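Start at 1 and go down the list; that is how both ligands and their atoms are numbered. For reference, positions follow the sequence shown, starting with 1. Only a predicted model underlies this, so the values are computations on that prediction, with no experimental measurement involved.
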Amino acid sequence: MHPINDFIYEALPARVLFGAGRLREVRQEVERLGGRRALVLSTPHQAELAQTVVELLGEVCVGLHDQAVMHVPSETVEAAMQQVTTLQADMLVALGGGSTIGLAKGIALETGLPILAIPTTYAGSEMTPIWGLTKAGRKTTGQNPVVKPRTVIYDPQLVMTLPSAMSVTSGINAMAHAVEGLYAENANPITSIMAEESIRALAQGLPLVRQNPGDLETRSQTLYGAWLAATVLSTVGMALHHKLCHVLGGSFNMPHAEVHTVILPQATAYNAGHAPAAMRAIGRALGADPTDAAGAIFDLSRSMAAPTSLRDLNFAKAQLSEAAAIASQNPYFNPRPITREGILELLERAYAGLRPEPVAIS
Ligand code: NAD
């Protein structure tokens, strides 16, 4: 259990619909938000499913923009903005993963248009007020309540098409929000309950999803875990793990969910001795000894044949030191103090894919 000390708990508003077939309620949800001219957004890859959403929306939809891409380049926001203006859209319906929801957020940042999000991965952007934009190769992020989706429809049927390897890494990406939420500077009993339950649901469900990506029950369980993780991400601050993933993704163009998967056990191990309550919660959720919480995350990934080393992701070893230097800049909260040497050692272990050693927990 999380120690009950002083805390501030500030929940962000959200209306969440969860369940198989809930997509069919999209029109009434758009109307509930006052939308009369919704623009649907998707990647080119998901255009067919997005067209189904256009049809479900009928006359409250003015069109489909299916040009979302990874990292939300500013040109893609500008192109979508033209369509928003031409079609006089009054609402955005984002169907897809973090990239599509990110495009909707980029538009909302400029226009204030409300977003209804229909996530199809486990990444978690749908619950947060965090936006990210890439301009001239540099990704900037920020927080603004205007970009937070007003309504989220979680329909596990939509995640069933996510290939099994992507499901695993996307699920560990979600788990990372929960793990860091447990030792966040502003951790509190409510988010810690959600975080522990999230880790449990994801750890139990992901191996089954991997075996059978089309099983609705385990898709529901894992999407539920992802929703809890996203809620934690939206409520408390993240630490070293997210910083490292941001550096490796933003400055070295490494793939988002895979990097989260490789770094999570190593970042957890780095913090283990300084976050005993978090390690106990992770241990309970994974059925592992708290001294070996990081190792248990590593074992979970390895058992699902997920990447466990930066070498596997073709990261250049010569860049480890530069990555460590960037990640140790701009002091930020982390349970264990950040040192460049410490981060370099962590990254070297991540590069080699070493299983974390057990750590004494007070
Ligand atoms: P993604 O949105 O980039 O999707 C990856 C690919 O999978 C795309 O081609 C997409 O079309 C396809 N895809 C998505 N769902 C599918 C499905 N159900 N079936 C088949 N294919 C499907 O990947 P992601 O991991 O969801 O998002 C990563 C991005 O989201 C990163 O840029 C990250 O920074 C951002 N993100 C932002 C936040 C936030 O709070 N702002 C939170 C998490 C992630």
Going through the distances and angles, do His260 and His256 end up as a ring-ring contact (aromatic ring centres under 6.0 Å, His included)? CA-CA 6 Å; His260 271 273; His256 179 79; 4.8 Å; yes
Heavy-atom distances under 4.0 Å are what count here, so tell me which part of [X] touches ligand 1: side chain, backbone, both or neither.
X	value
Thr161	both
Thr141	neither
Met166	side chain
Ala257	neither

Please lay out, stage by stage, how Glu196 and Arg200 fare under the test salt bridge (Lys or Arg N to Asp or Glu O under 4.0 Å). CA-CA 6 Å; Glu196 185 176 329; Arg200 188 174 290 117; 2.9 Å; yes
Starting from [atom], which protein heavy atom do you reach first, and at what distance in Å?
atom	result
atom 34 (O) of ligand 1	Lys139 NZ, 3.0 Å
atom 25 (O) of ligand 1	Ala123 CB, 3.9 Å
atom 15 (N) of ligand 1	Thr120 OG1, 2.7 Å
atom 38 (C) of ligand 1	Ser125 CB, 3.4 Å

Would you mind telling me which of Leu49, Leu116, Thr100 makes a side chain to side chain contact (heavy atoms under 4.5 Å, CB included) with Leu95? Leu49
Quick one: do Arg349 and Glu345 make a salt bridge, cutoff under 4.0 Å? no
Under 4.0 Å from a heavy atom of Thr128: give me the atoms of ligand 1 that qualify, with their elements. 39 (C), 40 (O), 41 (N)
